[in-house]
Amino acid sequence: MSRASQLILNVYLIVFFLYLFLPLGVVALAAFNAYPYPSVTQWQGFTVHWFAALAQDSRILTGLWHSVLIGLGVIAVSLPLGLSGAFLLSHLQSRWNTVLYSVLVSPILIPGILLGVSTLIFWGSLGFGAGLVTAILAQSSFIASYAMLLFLARLQRQDPTLEDAALDLGASNLRVFWRITLPFLRPTVLTAAVLAFLQSIENYNTTVFAIGADWTLVTEIGSRFRFGLSPVINVIGVVFILITVAAATAYVLVRHHELRRSHAR
Amino acid sequence: MNSLIATYGRPLSALFLLLTALWAVGLIALPQAVMIERSLWVEERDTSVELRINALYSSLELKRFDLADAKSEARKTQVAEQIATLEAEIKTLEARESAPRKVYTLSNYTRMSSLHFTIFLKTIAYALCVTALSLMVCYPVAYAVAHLAPPTRAALMMLGLIVPYAINELLRVYAWLMILDYQGVVNTLLAWMGLVDFEARTWIPFLESSGSVFVAMVYTYILFMVFPIYNTLETLDHNQIEAGRDLGAPTWRIHQRIVIPHAKPGIAVGCLMTFMLSAGSYSVPQVITRGKAGDWFSQLIYRQFFESFNWNVGAAYSFTLLATCIGFIVLMMRLFKVGIRDIAK
């Protein structure tokens, strides 16, 4: 690659990453501004007052509690569904496989608001009013798809002879599942649970349609943009950014380490 | 199916089947089907009945005055009889009014006003623009991370992509709310240059235009384009590129003949996700415009459900969006000649 094009590419990448991070910096910086409306330009001095204000904001804390409940509910619903779907797909050998596959991944490919709307209409007609339960169901419909894809990828790398050998040696089906299949899947179960929980907490577009008069942390933030915008929202932003940076760094370090190891071999 | 039973036995296999069926039917197929069914009927409330009832009530009031005014006994009984018939008629009509008839019709779709249809077209057009722009911006980035950067720098760049991607969608939109606000970052810069004046309130109202929704949408969804393309490019053997270069191919030709064909599934997935997220985005227009600019289609759907309480029209609008997205998926699969298996990886 010529020097000129290398230079152009580097400038391009720097501009792109500045574009990604500067707006986040604006959000984080305003959390420390004493000015009562979120701003970085009307600077009235450094403060951590808004952090204390967040700790006393009962609606946001209740929202966080709801988010955690929904997140746990989503793990409990979507992991068994995703796992079952993956088992079925990895053993089904007919043209029905593609049909089932299309149905089970479709929630990833359609807009989240439609999952919220359809859950609201269908489960509402069965007597479940909009609330935490419908939020769990609406979110699970697509989070289960992500879980299924993770399990499916893992199952494809499984050595089927292990299960066959155990069966030949007289293990019962249940015992094979419990002692061989599940231990093999355990890392994926953990990953899927963490991802399901994070996706559930993050979700706005689906939840806002299914939650009704209840609220989660994120839908509460959403309504604050209209009424009662204050730097407390920016404080939540700072917390989110810190958690994300820590988690992403850990993930990249692990991945980098694995890549190195596989190259070394 | 047989291999499933052979390995895990009948009870476990039946459990897997049951759970999958509950998911596919109870959480995916039936809700969509019920939504579509709901979009196909209206509750016929006879408005003429309502008018007639109101008319009857006013004549009932008149008759009551007559009754109070009536001088003779005969006149009194006559008016009282008239009142009784009126009351009976009101009762039957009210029964009809409170039991609206369910009529199957396409009117929920055909009655979409030209304003709402324009909003629909605007939403789709902007989503297509977001998709196209994201593709152009992200392709070089994905290629640089996958093939040009040395390992440590690639890991750092990966981190730089994951962090903004994983930060809550609302906060990413919020960043642009702060930048484009009346006294936000951009207007303050303009004020420093003396172009606008806060005292005179001559700031530029960015938030009241669709353009700022577009800008925030690009920022919010652009990274959904990077990762699918990166994932496919990562599997491309770098020796192929080297071979192309050794044989004298210019850079654009290497991309045209080697890199892009290999990245096709990733490009298709990136386009699908970006388009779907922008077309169905409720968060971006909701946060950015804050009711000060025209609605987007997702907001129309929300209003039908939670402000007009007209669920049937809401269902029809939802299905319109669903059909558009399915159409886009099919188009992409044809265009890039990829199957559903390549899409969701």
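FYI, side chains are in, hydrogens and waters are out, and symmetry mates aren't considered; it's all heavy atoms of this structure. Keep in mind that what you see is a predicted model, and the values were worked out from it rather than measured. Letters A, B, ... are given to chains in the order of the sequence lines, protein chains preceding strands, and every chain is numbered from 1.
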Practice task
Verify, without hydrogens or angle tests, whether N173(A) (side chain) and T7(B) (backbone) share a donor-acceptor contact under 3.5 angstrom.
Solution key: yes
Practice task
Give, as side chain, backbone, both or neither, the part of L120(A) having an atom under 4.5 angstrom from any heavy atom of chain B.
Solution key: both
Completion exercise
Bottom line for W96(A): the part with an atom under 4.5 Å from chain B's heavy atoms is neither
Problem - Check: T119(A) side chain, L27(B) main-chain N or O, donor-acceptor pair, under 3.5 Å - result: no
Exercise for the section: Report yes if the side chains of V141(B) and Y12(A) come closer than 4.5 Å at any heavy-atom pair, otherwise no. Expected result: yes
Exercise for the section: Below 4.5 Å from any heavy atom of chain B, which atoms of Y204(A) appear? Answer side chain, backbone, both or neither. Expected result: side chain
Problem - Whether F305(B) and F209(A) hold their rings parallel, tilted or perpendicular, with breakpoints at 30° and 60° - result: perpendicular
Handout entry: Nearest non-hydrogen partners of L81(A) and L19(B), listed with the distance
Key = CD2-O, 3.3 Å
Handout entry: Least distance between heavy atoms, T20(B) atom then G85(A) atom
Key = OG1-N, 3.4 Å
Problem - Side chain to side chain, M35(B) and F122(A), heavy atoms closer than 4.5 Å - result: no
Problem - Among the listed options T188(B), V163(B), I167(B), the residue most often paired with chain A at heavy-atom distances under 4.5 Å - result: I167(B)
Completion exercise
The interface call for L167(A) against chain B, heavy-atom contacts under 4.5 Å, is side chain
Practice task
Check each atom of N97(A) against the heavy atoms of chain B and say whether the ones under 4.5 Å are side chain, backbone, both or neither.
Solution key: both
Exercise for the section: Using a 4.5 Å cut-off on heavy atoms from C-beta on, say whether the side chain of L24(A) contacts that of P164(B). Expected result: yes
Problem - Chi angles and distances behind the side-chain contact (heavy atoms from CB on, under 4.5 Å) call for L109(A), C325(B) - result: CA-CA 8 Å; L109(A) 300 173; C325(B) 285; over 6 Å; no
Practice task
List the steps, then state whether side-chain contact (heavy atoms from CB on, under 4.5 Å) holds for F240(A) with L170(B).
Solution key: CA-CA 11 Å; F240(A) 268 75; L170(B) 281 184; over 6 Å; no
Problem - Best-contacting candidate, V137(B), L277(B), I36(B), I162(B), against chain A by heavy atom pairs under 4.5 angstrom - result: V137(B)
Completion exercise
Residues Y302(B) and V208(A): closest non-hydrogen pair is CE1-O, 4.0 Å
Fill in the blank from the handout: CG of L88(A) to CG of L17(B), rounded to nearest 0.5 Å, is 5.5 Å
Handout entry: Residue selection (most heavy-atom pairs with chain A, distance under 4.5 Å) from M178(B), M273(B), R38(B)
Key = M178(B)
Practice task
Measure the spacing between CG of L114(A) and OH of Y317(B) and express it to the nearest 0.5 Å.
Solution key: 14.5 Å
Problem - Residue selection (most heavy-atom pairs with chain A, distance under 4.5 Å) from A155(B), A191(B), S278(B), A315(B) - result: A155(B)
Exercise for the section: Assess whether side-chain contact (heavy atoms from CB on, under 4.5 Å) is satisfied between E169(B) and E202(A), documenting all intermediate values. Expected result: CA-CA 7 Å; E169(B) 180 181 335; E202(A) 292 261 27; 5.7 Å; no
Handout entry: Main-chain N/O of F177(A) paired with Y8(B) side-chain donor or acceptor, under 3.5 Å
Key = no
